[in-house]
Structure formats: structure tokens, C-alpha cells
S.K.: 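Quick one: structure below, then a few questions.
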Amino acid sequence: MTTGHHLDNRTFHVITFGCQMNKHDSERIVGMLESYGARQVQSVEESEIVIFMTCCVRAAAETRLKGHVASLKNIPLPEGSTLDQRIIAIGGCIGQNEAGALIDELPHVSAVFGTFNLSSVPELLAQALETHSPAVEVLEAADEFPTCLPSHREVPWSAWLPISIGCNNFCTYCIVPYVRGREKSRTLEDITAEAQTLVDQGVKEITLLGQNVNSYGRDLYGEPRFADLLKAVSDTGIERLRFATSHPKDLTDEVIAAFRDLPNVMPALHLPVQSGSNRILDKMNRRYTREHYLGIVNKLREACPNIALSTDIIVGFPGETEQDFQDTYDLIDEIGYHQVFTFIYSPREGTPAAELTQDTPREVIQERFDRLVNLVQAKAYDANQVDVGARIPVLIEGVSKRDSSILAGKSPKNQTVHAPIPEGTDLDELLGTIVEVEVDEAKTWYLKGHII
Ligand code: SF4
């Protein structure tokens with residue numbers, strides 16, 4: 001089969017759910033399909049091929065995906081298409097987890113692939129186009145780190161750089177180790193070389209990506225080498241360096257020191273705590289305590305006093321008592337995060353936690369959740385106030401969703417910053433540049449200011 005011939009000039013649209021790892025995988029799919037002559041379009045209506053990159057971390061995502069796929073049936077193909085029907089492909093974690101069962105449930109799906117075989121996507125699509133029958137390929141593990149696939153970056157000034165895939169931690173509620181496999185790191189030289197290429201191409205911000213960046217390298221070098229990697233990538237001269245996600249149990253003093261010693265490591269860290277109760281942390285198999293977590297927050301603030309912290313919280317884990325919830329509430333109150341992603345627990349089939357009995361009524365969980373959200377907002381508002389009057393460098397990413405005369409960008413602390421476009425300035429000239437903004441007002445989720 002000549003893959004290129006089947007894909008040449010076909011229009012495709014990628015819809016991505018879930019984490020940055022999925023977004024990065026989507027960029028690789030776009031890059032690969034473009035290299036076969038296919039054209040990316042921005043809507044389902046314009047597309048002959050629709051690819052869903054899915055996430056199965058939350059049960060609701062699966063229901064949403066299935067509704068979305070079903071709704072495509074009623075959307076006609078774009079004018080001039082030579083196909084009989086739109087090609088629909090599902091990849092990512094749901095593809096990995098459900099494989100061929102998806103075709104049985106959603107008969108108009110034409111291709112399914114998993115998390116380990118992105119490189120097969122063009123071939124699977126070409127096969128579906130040629131044979132008019134579903135093409136399914138899901139592998140159990142990757143032979144090697146998929147670094148040689150082309151990638152199409154969403155924006156030219158910012159790049160995600162995967163450093164490891166998979167996870168060895170087996171938190172009891174999480175499906176990731178089952179769908180992304182064991183942790184596999186890329187070599188330090190390989191990552192640094194790619195970072196250097198990105199810098200040479202004019203990229204301003206790199207985000208190193210892994211399910212748990214802190215254990216980076218343990219599989220390759222016998223011990224984690226994330227601090228060495230940070231130093232090596234920092235030395236490329238990148239302007240802004242970020243990373244996600246950090247497991248608190250593996251955050252070392254050397255990595256904490258990087259916030260103090262490496263000027264391009266941005267003062268923002270996402271450090272998922274999940275719960276403030278030691279009893280629940282134990283049931284989640286998180287392998288740290290509330291006290292350990294507070295200890296690392298103190299060290300981080302000593303090393304980098306203005307660091308902005310964010311976290312994830314699961315409310316209503318099976319067996320969560322009022323006291324357990326109160327411990328979480330108090331922890332959030334004490335730490336004062338810039339942002340907290342709050343989730344109501346939902347069981348994932350195939351994980352140990354899914355076997356636990358949920359004995360807390362739904363209304364009680366909802367009430368706890370609402371209480372927590374109120375606190376999170378009040379704390380985020382407070383955390384932003386310290387920046388009023390400050391002059392901060394902002395990487396301009398676009399315009400505000402509500403008002404196209406207002407620029408939107410990111411501060412070093414990863415806060416969204418709004419500022420009016422200065423008169424006589426062209427938006428395109430500002431995109432991807434770092435400008436100085438004086439902050440006039442701080443809201444819960446963004447700062448307002450003006451360009452100096
Ligand atoms: S660290 Fe825990 S929550 Fe994160 S991916 Fe691994 S198993 Fe899932």
C-alpha cells in the first residue's frame with residue numbers, strides 16, 4: 001500500500017482530550033500526516049478525516065467521546081470530497097484500553113490505535129481509506145522512545161519536549177501505568193540535542209514532559225537524573241523552561257535548587273498532592289505524607305520565595321471522612337496555591353480503587369467539593385495580589401477570548417496576563433515575544449495591566 005498516495009490532499013482535523021502528553025502526541029500526528037501531503041483543517045465540517053486523541057483518566061471522558069463520535073454521523077463531508085463517508089479514528093488512552101471493542105460499539109469508526117504506535121497512524125488511515133474496513137492496531141509496549149516522528153508545533157514560540165513516557169507508580173485510582181506502560185526515559189543527550197534545535201529555531205519556552213519527571217532516567221542510569229537534565233537544557237539558552245508533572249515523593253533537593261540557581265527555570269511548579277489526609281494518601285498509594293509534602297513546599301519557598309504552586313485534588317475518594325476532607329481543606333488553606341485543579345473521584349475500571357466501596361453519599365461529596373472550590377478561588381485571588389504594581393515579563397500568546405483588542409500572555413509564574421494592544425501595534429509582531437507589563441489589577445484567574 002502507498003500510504004502517501006491515499007493521504008495526499010485529504011483534509012484532517014484532530015480533536016484532543018486530556019493531558020499535555022496527548023496534546024504533544026497530537027502535534028506528532030499532525031506533523032506525520034502533513035509529511036504525507038494531508039492538510040490540517042480547523043473544523044469537523046471541513047475535514048474528511050477526524051482523529052480523536054483520547055484520555056481515559058476520568059470515566060466521564062469516555063461518555064463524552066462516544067457522544068462526540070456519534071454526533072459526527074449527521075455532519076456532511078466537505079464539498080468536493082471523493083469519499084463515501086468520513087474517516088473517524090480514535091487514538092490515545094481510550095484507544096489503548098478498549099481497542100477493537102470500540103469498533104463493535106461505534107461501527108462508523110474506521111481506525112483505532114493506542115498510545116505506543118503513533119507512527120502507524122498514517123498507515124492505518126491509508127488502510128481504512130483503501131479497504132473501506134476498520135483498521136485496528138494496539139501494541140502492549142513501545143520498542144523505543146518515539147522521537148524520530150515529525151512534529152507540528154501548535155505555536156512556533158513554545159514547545160513540549162517529552163523526556164519519558166509511562167509510569168511506575170500505580171496510584172490506586174490511576175489507569176496511566178496500564179495504558180502508557182512502565183516508565184521509559186529518553187537519553188539525556190537526545191533531549192538536550194532536541195532542546196538545542198528548538199532554541200536555534202527561535203523557540204522561547206520549553207516544557208519538559210513526563211508522567212513523573214522527577215524519576216527521569218532511573219530506568220536508563222540506575223538513578224534519577226532530572227536535576228542534571230534541567231541543567232543541560234537550561235544551558236542551551238532557552239528563555240523559559242518549565243516541566244510537568246512532578247511526583248512529590250521524588251522531588252529532590254537538587255531539583256528544588258534549580259529554581260534558585262537556573263535563571264531560566266520559571267518560578268512555577270505543579271505539584272499534585274491529591275489529598276491532605278495521610279489515611280487517604282496511603283489508600284491512594286501516593287507514598288508520601290502530608291508532613292513530607294509540607295516540608296518540600298517549605299524548601300521550595302526557601303529556594304524561590306516567589307514560586308507559584310499549583311496542585312490537583314481528588315474529593316470523595318472511597319472512604320473519605322469529614323476529617324479526611326478537613327485535612328485537605330486545611331492544607332489548601334495553609335499552602336495558598338495559585339491554582340488547584342479539583343476533581344470529584346470517579347472510579348476507573350481496571351484500577352485497584354475501583355474495587356473499593358463508595359460509602360459517602362453523592363450530595364456530601366458535592367458539598368465538600370463546592371466548599372473547596374470556594375476556598376481555592378479565595379486563595380488564588382489572594383496569591384495574585386502580590387503582583388499588583390509589579391513589572392513582569394509576559395510571553396504574548398494571543399488575544400483575550402472576550403475582547404480581541406486585549407492581549408493575553410503568560411507571566412513567569414504561569415499566570416494569564418491581559419493588557420490592551422498598544423495603539424499602532426500589529427498583533428502579529430507581538431505574538432511570541434516577551435514584553436514588559438505593569439500590573440494594575442489582580443483577579444482570581446488573571447492579571448490586568450499595560451505594556452510599558
Ligand atoms: S504518578 Fe500516579 S497519578 Fe501520576 S501517572 Fe503515575 S500512577 Fe498515575
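All heavy atoms count here, side chains included; hydrogens, waters and symmetry mates do not. Atoms within a ligand are numbered from 1 in the order they appear, just like the ligands themselves.
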S.K.: Report the residues that fulfil side chain to side chain contact (heavy atoms under 4.5 Å, CB included) with D228, sequence neighbours left out, ordered by chain and then residue number.
M.R.: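 Once residues adjacent in sequence are excluded, the partners of D228 under the side chain to side chain contact (heavy atoms under 4.5 Å, CB included) criterion are L188, R225.
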S.K.: As a test of the contact definition, would atom 5 (S) of ligand 1 count as having a protein heavy-atom neighbour under 4.0 Å?
M.R.: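 Neighbour list for atom 5 (S) of ligand 1 includes protein heavy atoms (cut-off 4.0 Å).
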S.K.: If only side-chain N and O atoms count, and only distance matters, is there a donor-acceptor pair under 3.5 Å linking Q96 with T115?
M.R.: yes
S.K.: For atom 8 (Fe) of ligand 1, which protein N/O/S atoms are closer than 2.8 Å?
M.R.: C174 SG
S.K.: With heavy atoms of H247 as the reference, note each atom of ligand 1 found under 4.0 Å away.
M.R.: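 Those of ligand 1 that fall under 4.0 Å from H247 are 1 (S).
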S.K.: Would you say the rings of Y178 and F170 are close, in the sense that their centroids are separated by under 6.0 Å?
M.R.: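 Here the rings of Y178 and F170 have centres that are less than 6.0 Å from each other.
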S.K.: Under a 3.5 Å threshold, yes or no: a donor from one side chain and an acceptor from the other, between Q323 and D327?
M.R.: yes
S.K.: Okay, side chain of H270, backbone of T245: is any donor-acceptor separation there less than 3.5 Å?
M.R.: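 No; zero donor-acceptor contacts below 3.5 Å.
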S.K.: What are the atoms of ligand 1, with element, lying closer than 4.0 Å to any heavy atom of R286?
M.R.: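 The list of qualifying atoms is 2 (Fe), 3 (S).
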S.K.: Would you confirm whether the ring centroid of Y221 sits within less than 6.0 angstrom of the ring centroid of F226?
M.R.: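 No, ring centres 6.0 Å or more apart.
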S.K.: Let me know which of N278, V273, D282, D250 forms a side-chain contact (heavy atoms from CB on, under 4.5 Å) with Y288.
M.R.: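 It is V273; the other options fail the test.
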